[in-house]
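Chain letters run A, B, ... following the sequence lines, proteins first and then strands; every chain starts at 1.
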Amino acid sequence: MVFSFTFLRGSFVFRRGFRTGKKLLSPSTEDIIYKAICVNLKQRRWKFLEQVSPSLTNSLVCRVVREFRNSPQLALEFYNWVEARDNFSHSLESCCTLVHVLVNSRNFNDALSIMESLMLKNGKSPLEVLGGLMNSYEICNSNPAVFDALVRTCTQLKSVEGAYDVIRKLRLEGFWVTIHAWNNFLNLLLKLGETDKFWNMYMEMVASGYSENVNTFNLIIYALCKECKLLEAISVVYLMLKIEIWPNVVSFNMIIDKASKMGEMDLALKLTRNTEVISGGSVSPNIVTYNCIINGFCKIRRLESAKNVLAEMIKLGIDFNERTYAPLIDGYARKGSLDVAFRLCDEMVEMRLIPDTVVYNSLIYWLYIEGELEEASFLLSDMINRRILPDEFTYSILTKGLCLSGHLNKALRVHYYIVERNLVKDAYTHNILINYMFQSRNIAGAKQLLSSMIVRGIKPDMVTYGTLVDGHCKEGKIEAAVQIYDKTVKADGKSNLVVYNSILDGLCKKGSIDAARLLVDKLQQNGFLDSVTYNTLLHGFCVNGEVEKAFALFLEMINVGSLVNIVSYNIMINFLCKMGLIQQAMELMRAMASQGIIPDLITYTTLITNFVKSYGSDNVIELHDYMVLKGAVPDRQTYQSLVSPCLQEHTEG
DNA sequence: GTAGGGTTAG
């Protein structure tokens, strides 16, 4: 008997096609597989799909994803499943097809992460992604929201260039992103501190025919606040009211926050009290508003006023949260009242608020500053035990705390532990260590830290450069410092006053007083100087024995008013002490205190130390009492070694 | 979307 196998032929072809992959697929075969995938995907029969997986092609994937455009979740699952196959990677086309499907179903999160990984993992540029989206636009029957989503992806990746390339290319092609995409882009510029670019881009946006919405105006208010232009920011609110693009609570809060941060509490309060009137009853202050005010009062040490605001919040029935308490706790700790700070923590807990990382960081920081090493370590372990996660702030606080107490090696060990686990991404802890390396005159160590941060992909920032310049200046290596300045700060095209002040300090310390004066004149001509500039020059005159020039400058600073601060007084008090004029130094401190400038740790230490050196410790308590009465927080070490011993003598006597 | 904590002057 002759047996015919003809009836099996179809299934043979079918099977072989499945096994040997894409190059054998004829159009009709692809159709068959396509239909098989669709039928089985609908039922989520992954086992079956597993069998066909060797025959997958990009064109198949695109077809399937498009077919499931009305079940986007399933399309996404399929896409992810395909991605998990060995030896298969998605093409730009299949990625873009899925992005169209996801955006059309308003699943922006997944659409954004697909595009993000296209750029990050596959190294596609924003313009290449745009090309992919445009090529598949028609066949996916898409809408322009995908382009907004692409801009959003760029802004999330902090790619200014990318976002702008996309916007510009689309405009050339006759597509327009919406105002929302522009707002995202403008927001990115502000977040990166690119204020100049923000204004240029904003003008370009308006010039190309867009009209601002409330978010755009809020960004403008934010930009003006960043530039400390509070009155202009307020006038934007009035403009908004006039053209009936209603400001919201965010518009007001940004101005109130900036005013508070600038210490302009009267303005901040006035705005808060008048928010309802100004907005015609449409906006009322909220928890953020009040938190900003509390923070402002705390920063200028008006803690009673801050507590009154908290009481007012409670009275008005406005909720409070961790951010209400954190500035208060920090404020009291900053003032040296750690006991009050801890009591506020208890109060927080009673109010069912859990002290979080920020609160712990603040307390640990001030404990370190006060020299309470053990308590700081205890609090750190308490934090970890309570599963309150340390963050980059915690690490930099720990680093500074260890350096401050002379444990540079311990700080370095902690540092290596942290960087090896990739726990820090910003420059802070590096900057702190580099600074302390210079302080312990370990230039090689500082340079090593700089290269290790670069190797680890942490970008040195202005502070890093400033620290390097400052470190070299302190070593008397002005030429090297200027060279670093040229290669970094100058090359970045940004003037940085801190760096100029460091160079100025270096010149002063080297005794190049004339060069220092020239630099100050130059800065003066450009209106680019601050109280640090003056204080540095003042200090320079003092250490170089230029008595007359020092006093002349000091008087000039007092006359201008805004230039003189606690540091200026400390310099002069120290100078008078060095000349043996202790009485005059104390006199100056009293004059300063009567101006409302509170003696600080340095005033305290300078005067107490010099007083005891000249007159012995007999009447030092009087001086201590006076300064404390005026609000000084005694330096712990000075107090323990020079003041408290004679306090005991007194009580014993 | 806006609010709290860490780095460079005495």
Side-chain angles (χ1 to χ4, degrees), chain A residues 183-184 187 190-191 214-215 218-219 221-222 225 248-258 260-261 286-296 298-299 321-331 333-334 356-366 368 391-401 403 424 426-436 438 461-471 473-474 496-502 504-505 508 530-539 542-543 565-575 600-603 605-606:
Chain A
N183 287 343
N184 280 323
N187 187 33
L190 287 183
K191 284 238 159 78
V214 56
N215 294 323
N218 278 353
L219 290 167
I221 291 173
Y222 198 34
C225 286
N248 55 26
V249 70
V250 177
S251 327
F252 284 91
N253 284 347
M254 288 184 297
I255 305 173
I256 290 166
D257 181 48
K258 188 61 189 187
S260 299
K261 287 210 170 96
N286 64 5
I287 180 169
V288 176
T289 325
Y290 283 93
N291 286 351
C292 295
I293 302 259
I294 288 180
N295 183 41
C298 289
K299 286 295 160 320
N321 60 14
E322 291 82 359
R323 290 182 183 212
T324 317
Y325 273 91
L328 282 164
I329 291 169
D330 181 69
R334 187 181 298 264
D356 60 10
T357 307
V358 176
V359 172
Y360 271 93
N361 284 348
S362 188
L363 290 168
I364 293 171
Y365 180 79
W366 291 108
Y368 274 126
D391 62 5
E392 298 202 39
F393 284 76
T394 322
Y395 300 130
S396 67
I397 290 165
L398 176 60
T399 305
K400 180 173 172 171
C403 289
V424 286
D426 69 22
Y428 269 87
T429 54
H430 286 90
N431 292 345
I432 293 167
L433 279 170
I434 291 172
N435 184 36
Y436 278 92
F438 276 116
D461 60 9
M462 272 303 153
V463 175
T464 320
Y465 300 142
T467 309
L468 289 171
V469 169
D470 189 58
C473 284
K474 287 212 165 68
N496 185 306
L497 191 48
V498 176
V499 174
Y500 293 139
N501 288 339
S502 286
L504 177 66
D505 188 47
C508 289
D530 62 3
S531 55
V532 180
T533 318
Y534 279 98
N535 285 338
T536 307
L537 185 63
L538 185 66
H539 185 240
C542 291
V543 295
N565 61 16
I566 180 71
V567 178
S568 335
Y569 279 101
N570 284 341
I571 292 168
M572 293 313 286
I573 288 169
N574 186 47
F575 189 39
D600 69 0
L601 283 178
I602 299 199
T603 328
T605 306
T606 308

Starting from C1' on B/dA9, measure out to CD1 on A/Ile602 and report it in whole angstrom. 10 Å

Measure from the side chain of A/Phe393, starting at C-beta and using heavy atoms only, and say which of B/dG6, B/dT2, B/dG4 lies closest. B/dG6

Closest nucleotide among B/dG4, B/dG6, B/dT7 to the A/Asn431 side chain: B/dT7

When you measure only distances, ignoring hydrogens and angles, does the side chain of A/Asn253 come within 3.5 Å of the base of B/dT2 through a donor and an acceptor? yes

Please work out if A/Tyr365 contacts a base, only the sugar-phosphate, or nothing of the nucleic acid, heavy-atom cut-off 4.0 Å. sugar-phosphate

Closest listed nucleotide, where the reference is the side chain of A/Met254 and the choices are B/dT2, B/dG6, B/dA3: B/dT2

Which whole-number value in Å describes the distance from A/Ile293 CD1 to B/dG4 P? 13 Å

Base, sugar-phosphate or nothing for A/Asn183? Non-hydrogen atoms, less than 4.0 Å. nothing

Are OP1 or OP2 of B/dG6 and a side-chain N or O of A/Arg334 less than 4.0 angstrom apart? yes

OP1 or OP2 of B/dT8 versus the side-chain N and O atoms of A/Asn435: is any pair under 4.0 Å? yes

Are side-chain heavy atoms of A/Asn286 and A/Asn253 found at a separation under 4.5 Å? yes

Which part of the nucleic acid, if any, lies within contact of A/Asn501, taking any heavy atom under 4.0 Å across all strands shown: a base, the sugar-phosphate backbone alone, or nothing? nothing

Give the rounded distance in Å between these two atoms: NZ of A/Lys474 and P of B/dT8. 10 Å

Between B/dT7 atom C1' and A/Asn496 atom CG, what is the distance in whole Å? 13 Å

Do A/Leu363 and A/Val359 have side chains that get closer than 4.5 Å, going by heavy atoms? yes

From the candidates B/dA9, B/dG6, B/dG4, the one with an atom nearest any side-chain atom of A/Ala326 is B/dG4

Reckon A/Thr357 touches a base, only the sugar-phosphate, or nothing at all at heavy-atom distances under 4.0 Å? base

What is the nucleic acid contact for A/Asp426, judged by heavy atoms within less than 4.0 Å: base, sugar-phosphate only, or nothing? base

Is it true that a side-chain atom of A/Thr324 and a backbone atom of A/Asn321 form a donor plus acceptor pair closer than 3.5 Å? yes

So which nucleotide from B/dT7, B/dA9, B/dG4 ends up closest to the side chain of A/Val532? B/dA9

Please classify the nucleic acid contact of A/Asp391 as base, sugar-phosphate, or nothing, using heavy-atom distances under 4.0 Å. base

A/Ser362 side chain vs A/Val358 backbone, donor-acceptor pair below 3.5 Å: no

Checking contacts here: which listed nucleotide (B/dG4, B/dT2, B/dT8) is nearest the side-chain heavy atoms of A/Lys191? B/dT2

Between A/Lys261 and B/dG4, does any side-chain N or O lie under 4.0 Å from OP1 or OP2? yes

Describe the nucleic acid contact of A/Asn248 in one word from base, sugar-phosphate, nothing, applying a heavy-atom distance below 4.0 Å. base

Using a 4.0 Å heavy-atom cut-off across all strands, classify A/Lys258 as base, sugar-phosphate, or nothing. nothing

Determine the contact category for A/Asp530: base if any of its heavy atoms lies under 4.0 Å from a base atom, sugar-phosphate if only primed atoms, P, OP1 or OP2 are that close, otherwise nothing. nothing

Considering every strand and a 4.0 Å limit on heavy-atom distances, what is the contact class for A/Ile432: base, sugar-phosphate, or nothing? sugar-phosphate

Send over the distance from A/Leu504 CG to B/dT8 P, rounded to a whole Å. 18 Å

Verdict with supporting geometry, A/Asp505 and A/Cys473, side chain to side chain contact (heavy atoms under 4.5 Å, CB included): CA-CA 7 Å; A/Asp505 188 47; A/Cys473 284; 6.0 Å; no

Applying a 4.0 Å non-hydrogen cut-off, can you work out what A/Asn184 is touching in the nucleic acid: base, sugar-phosphate, or nothing? nothing

A/Asn187 CG to B/dT2 P: how many Å, rounded? 7 Å

Between C1' of B/dG4 and CG of A/Asn291, the distance in whole Å: 8 Å

Measure NZ/A/Lys400 against C1'/B/dT7 and give the value in whole Å, please. 8 Å

Between A/Asn295 and A/Cys298 (side chain of the first, backbone of the second, donor and acceptor by atom type, cut-off under 3.5 Å), is there such a pair? no

With side chain to side chain donor-acceptor pair (under 3.5 Å) as the test, pick out the partner of A/Asn501 among A/Asp470, A/Asn496, A/Asp530. A/Asp530

When you measure only distances, ignoring hydrogens and angles, does the side chain of A/Asp356 come within 3.5 Å of the base of B/dG4 through a donor and an acceptor? yes

